[in-house]
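Have a look at the structure below, then the notes.
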Amino acid sequence: MRSRLSNYGGCSATALAFALLATPGVAAEKAREFNIAPGELGVALSTFARQANQEMMVPSTLVAGRRTAGVQGRLEPRAALLTLLKGTGLRPGSDRGSVLTLGRLQETSTDGPPPVSTGRANTSLLEKISYGQSAPTTQSSTEAPIDENLAPQVVEEVMVTGSRIVRDGYQAPTPTTVLGQEALDRRAPTNVADYINQLPQMGQPTSPRTTTLSAGTTGGGANLLNARNLGPTRTLVLLDGRRVVSAGLNSAVDINLLPTNLLQRVDIVTGGASAAYGSDAVAGVVNFVLDTKFTGFKGSASAGVTEQGDSETYTADLAFGAKFASGRGHVLLSANYFDGKGVESVMSRDWYQPGYRMIANPAWTATNGQPGRIVRNDIGYGRATPGGLITSGPLRGVMFGENAQVGQFTFGPIQSGDYQAGGTVEDIARIWPLLPPVKNWAAYGRASYELTDSITAVLEISRGGSDSSNWSSQYARMANINVSIDNPFIPTTVRQAMVANNLTGFTMGRLNYDLVTPGGHGGEAGYHRRQNRYLAALEGRFLETGKWSAYYQRGDSDVWYTRDNNPIVARYNQAIDVIANPIAGGVAGVAAGQPICRSQLSNATNGCVPLNIFGIGAPGIEAINWVLGVKEGLQARQDLDIQQDVWAVDAQYEPFSTWAGPVSIAAGFEYRKEQFKATADPLSLQSAWFTGNFSASRGDYNVKEVFAETLVPLIRDTPFFKSVDFNGAIRRTDYSTSGAVTTWKAGLTWEVNDDLRLRATRSRDIRAPNLSDLFAAGTAFQNTFVDASQPGGPTVSTYTISGGNPNLVPEVAKTWTAGLVYRPPLAAWLQRLGRLVQDRDRQRDRRHRRAAVDQPVLRLRRAAGSGVLRVHHSRARRPRHRRGDYLYRRRQRAEAGG
């Protein structure tokens, strides 16, 4: 069962689409009963498509203004169509897969008026919504040529159904925006998700651009869609109408891993759709429809770079499709690749303003009406610098720079926790990335074979991969490093000042930007995904209008998260506590007076390497490697093995018809199992790292679902009721963890006339708890924030403890939507505009009756030999020698009351 297309030329579409359950060759030429009244050709063709059970693609400009004498009686569909087109100057075109088109006769008939152009290109989606899509076939050499401008094309957005029922002429209460391949090609986004996220239906996305400083495991490096800004976990993503295994434990799908170079269309349902598609469709559904009937070979490659010479991007894709076994079989292969180098620092852009931030307002009180936070351009860190800053005692403000230089830090007048305004500006975002690097690729293969005339077997296999990284917060120590005077790394001038001030130590802060391996970044988070998908399906038809589908699908996501340049906290604390090796009782093999770790006096074999923290670039590479665990190959890492198994069967049938049209029903059953296993490195299990500290966990659940949907035409072709349709759906879902739940949908559409359509829907939708919600291991995070309610706005710490809860139940959403679509013909608008201007001219002419007055005139002319209404603006003068002018005579009649 599939979604169904019906396009009435509204919005950005300029075409009529008559979509129904289609079979090639005009509904297989079985005789049918036709009852099509004389009238407008567009309306008659819509009725023909319904009665012939035939999907058609016809640009609206082709049929505009044409009329037909209709057709009555029991005829074969092609004979009925020829009768319908008699005298219109049109003829049936080639079957584009299972879709019929129309074309002009070589010598256009003059029986009907030429079509009126809208002045826009013929851009119509006109694509069949189904699990397997039909690609255009090559035109037979025996057919008369068809105007190339009439070839079906893809529009950017068309409203189509969000229902599982395929049916002509039905506009679902839940609107769906469709993006065709041509629209995607014109925009040429480096990632399809980037284009989709620009639509008003979508909210703030999760993408590499929005996770530049993230250290979490949700969405890093992935492209996740967020319909209606309700979150990726409430947006159901499908591939050819089927679920896709998630990119992590939160059930969201990474668009980077889909075979997007074979996209025929993207359907975006906005509104609750749980009754039709199941859990997670609270905000909507995004269905990526592939061109599974593609034949031939295509490929593309591109490269790009910014004006600054960075952020290089490279893309390439290939696709191949061919038929075999005398056309009964079809094979399809594709691959696509993307490599984006990213931009390492915001400081590379001249629009970035260092120090431009918000800070707590020191003058704020709960009663004085001033803002709690103020904006300034001189805000930065106030308790640490990259090379170190003394924050206590008489030496407060001494900072350590490059090449062991000692300088003076100026403290600003506003101090707020770790930040200050005024004084020395140590910019907060100095090392922040602008765009992280990312690579992704996808390979896809599909084979189909017609076992019989009504049953087709399908096998699919795909594999995708993604590798990306970003850098989260650096291991900064804010005024909490205690330094003793016996540290031999202290610069001489500072030591002398300590002696002069009788100091035995001081407190310092350090941002530790240089605590990284060569070429690395602090807190570098790696996100790596490998996704496999296997599908075996049978699709078929039964009786005259029925069709069914059954499939098994297996999805595997192998995901691993890493944290590099991530200090082991205990090692850092040991490495900065440095003394000179004593002559007696020191570490054997180290010369007296040389730096050693204090901990080595009690454990000489602990491997500690002294770390110099006084100055930018002061830490030695051996000390860095020891603190980071590089030499031993230590790394914070978590491995996830996520599996999804789906068994499903569904069917659609039209059991009977009412006077308003055939009634359609759809029903199906689905069983789904989700499971995962997570492992982590030993140091993470001990919470030894600065960040990461992953946990081990595992869990699974299964879902059994049964659903039904119906479409009932209520009224058809009566005054003020061109059509009224009811669409209802119900789904019963049983979760192994929380029990059964029911979702439903009821919607009504009312087509008043060709210009106006009203719609409304009410639904009950759910989002079931995902694997992370149910089984994620408990974690604790320390967070800091500025408490503006306290004097001076100090930085305070909070602890957040989170984890899965197996007792969770599905959340419920009660959704209703109502709207209208108004699409008046462009020619009518122009005529009304012309009449308004002419009326204005007449009124002005009556007020100014002078012999030589220029009057603006808006003329609507039909260009010779075309159907284009052209608008001309001129100024007509009324001298005596032009009294025969048509426009003047019309004004005379108007003045006389004619």
Just how far is it from atom [atom1] of [X] to atom [atom2] of [Y], taken to the nearest 0.5 Å?
X	Y	atom1	atom2	value
T743	R764	OG1	CZ	8.0 Å
L179	L199	CG	CG	5.0 Å
L90	L41	CG	CG	6.5 Å
S738	I766	OG	CD1	8.0 Å
K745	Y277	NZ	OH	8.0 Å
F34	T83	CZ	OG1	9.5 Å

### Query
What pairs of residues pass the ring-ring contact (aromatic ring centres under 6.0 Å, His included) test when at least one of them lies in residues 745-768, not counting sequence neighbours?
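Output for this query lists F721-W750.
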#### Entry: Residues E670, K704; criterion salt bridge (charged side-chain N to carboxylate O under 4.0 Å, His left out); working and verdict
CA-CA 6 Å; E670 181 175 306; K704 296 180 284 293; over 6 Å; no
### Residues W816, T761; criterion side chain to side chain contact (heavy atoms under 4.5 Å, CB included); working and verdict
CA-CA 5 Å; W816 70 270; T761 186; over 6 Å; no
### Task
Begin from the C-alpha positions of L711 and F726 and carry the test side chain to side chain contact (heavy atoms under 4.5 Å, CB included) through to its verdict.
CA-CA 6 Å; L711 171 62; F726 168 79; over 6 Å; no
Are any of the side-chain heavy atoms of [X] and [Y] separated by less than 4.5 Å?
X	Y	result
T815	R762	no
L225	N197	yes
E811	R234	yes
P713	V663	yes
L81	L45	yes
S279	T733	no
P92	L85	yes
I196	I268	yes

Taking the side chain from [X] and the backbone from [Y], do they hold a donor-acceptor pair closer than 3.5 Å?
X	Y	answer
N226	G231	yes
T545	E654	yes
D765	S274	yes
T68	L84	yes
T710	S664	yes
T270	Q201	no

Identify the two heavy atoms, one from [X] and one from [Y], that lie closest to each other, and give their separation to 0.1 Å.
X	Y	answer
R265	D267	NE-OD1, 2.7 Å
L236	R243	CD1-NH1, 3.4 Å
N287	G241	OD1-N, 2.9 Å
Y551	L535	CD1-CD1, 3.5 Å
D240	V289	OD1-CA, 3.4 Å
L714	W659	O-CZ2, 3.6 Å

Presence of salt bridge, [Y] and [X], under 4.0 angstrom:
X	Y	result
D453	R541	no
D291	K293	no
E709	R731	no

### Stepwise salt bridge (charged side-chain N to carboxylate O under 4.0 Å, His left out) check, R716 with D725
CA-CA 9 Å; R716 191 76 70 208; D725 296 292; 3.2 Å; yes
### Q51 and N35: side chain donor to acceptor below 3.5 Å
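Not at all, the side chains of Q51 and N35 share no donor-acceptor pair under 3.5 Å.
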### Query
Between T88 and R66, do the side chains contain an N or O donor and an N or O acceptor separated by less than 3.5 Å?
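No - no donor-acceptor pair under 3.5 Å links their side chains.
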### Query
Would E544 and R32 count as a salt bridge (charged side-chain N to carboxylate O under 4.0 Å, His left out) if you check the C-alpha gap in whole Å, the side-chain angles of each, and the deciding distance to 0.1 Å?
CA-CA 11 Å; E544 184 176 340; R32 291 170 175 265; 2.8 Å; yes
### Query
Hey, mind stepping through D754 and V43 against side chain to side chain contact (heavy atoms under 4.5 Å, CB included) and telling me if it holds?
CA-CA 9 Å; D754 289 338; V43 176; 4.2 Å; yes
### Task
Kindly check if the number of other-residue, nucleotide or ligand heavy atoms within 6.0 Å of CD (E40) is above 12?
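Atom CD in E40 is not packed in, count stays at 12 or less.
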### Query
Would R732 and D734 satisfy salt bridge (charged side-chain N to carboxylate O under 4.0 Å, His left out), going step by step from the backbone distance to the final call?
CA-CA 7 Å; R732 183 68 171 174; D734 185 11; over 6 Å; no
### Pair W548-I455, side chain to side chain contact (heavy atoms under 4.5 Å, CB included): steps then yes or no
CA-CA 9 Å; W548 59 271; I455 299 177; 4.1 Å; yes
### Query
Parallel, tilted or perpendicular for Y671 and W647, by the 30°/60° rule?
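Correct class here is tilted.
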### Query
Under the ring pair (Phe, Tyr, Trp, His ring centres under 6.0 Å) criterion, do F707 and F669 qualify, and how do the steps go?
CA-CA 7 Å; F707 64 89; F669 171 81; 9.3 Å; no
